[in-house]
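Below, read A as the first sequence line, B as the second, and so on, with proteins coming before strands; counting in each chain starts at 1.
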Amino acid sequence: DGGITQSPKYLFRKEGQNVTLSCEQNLNHDAMYWYRQDPGQGLRLIYYSQIVNDFQKGDIAEGYSVSREKKESFPLTVTSAQKNPTAFYLCASSIAQLEQFFGPGTRLTVL
Amino acid sequence: AQKVTQAQTEISVVEKEDVTLDCVYETRDTTYYLFWYKQPPSGELVFLIRRNSFDEQNEISGRYSWNFQKSTSSFNFTITASQVVDSAVYFCALSEAGMTTDSWGKLQFGAGTQVVVTP
């Protein structure tokens, strides 16, 4: 089945640790995105990538980093510089500017 | 400035009632896309519909219908004869189709409307 997978589903981080969230898609989409969602809030764009080996900062990129070495993969690293990382993280992909399809999400909690 | 406004935070209805979700958007682009997404309790966003700014035809899909009016910058969503499975948060989103790097492909989401359908 074509789709987007994210792992892990739940992730716990200690203070000062970097953690990496995985996002893989087999939809052959060029564009991929990372969003953050806080309880009761909408989605905010962290980073996006229009094509392999290229990515741009979204609205809240501070404390996060990404890479796009393969078309299928767009991992997100939450660094220790992100002061309030507890949130629900959603990855998405799309064909150009058309509808984005989302993965099941990763819930990150800082212990 | 907020580009997508969903003024209704939560709507509660009894099963079989109709429910309309409001979405008002703001853009200077003449070409843009509007979307509706459903987020059930599991958390994954489910794509419902895309509407091109040049296509003002209303659309019906089963119990779902959408009313797009450029004159009022609105893209409202109606669920007819609601069911418990419709309980979710619904997001309206805007994508400006400008060719600048700054706006390309970026979805502007509204804050979402929580729909609660009780039996």
Side chains of [X] and [Y]: does their closest heavy-atom pair fall under 4.5 Å?
X       : Y      : value
Q39(B)  : F88(A) : yes
K106(B) : D59(A) : yes
Q100(A) : F47(B) : no
L107(B) : L43(A) : no

For this session: Hey, could you give me the CD/CZ distance between Q108(B) and R44(A), rounded to the nearest 0.5 Å?
Result: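 Separation between the atoms: 13.0 Å.
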Consider only side-chain heavy atoms of I, L, V, M, F, W and Y, link residues closer than 4.5 Å, and tell whether [X] and [Y] are in one cluster.
X      : Y       : answer
V66(A) : L45(A)  : no
L76(A) : F102(A) : no
I4(A)  : L98(A)  : yes
W34(A) : Y48(A)  : no
Y89(A) : Y33(A)  : no

For this session: Tell me, yes or no, whether the heavy-atom count around I60(B) atom CD1, taken from other residues, nucleotides or ligands under 6.0 Å, exceeds 12.
Result: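 Check fails, neighbour count at 12 or below.
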Problem set entry | Among A92(A), G105(A), G103(A), residue most engaged with chain B (heavy-atom pairs, under 4.5 Å) |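 It is G103(A).
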Exercise. Which answer fits Q37(A), side chain, backbone, both or neither, if we ask what part of it has an atom under 4.5 Å from a heavy atom of chain B?
Worked result: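 Contact with chain B: side chain only.
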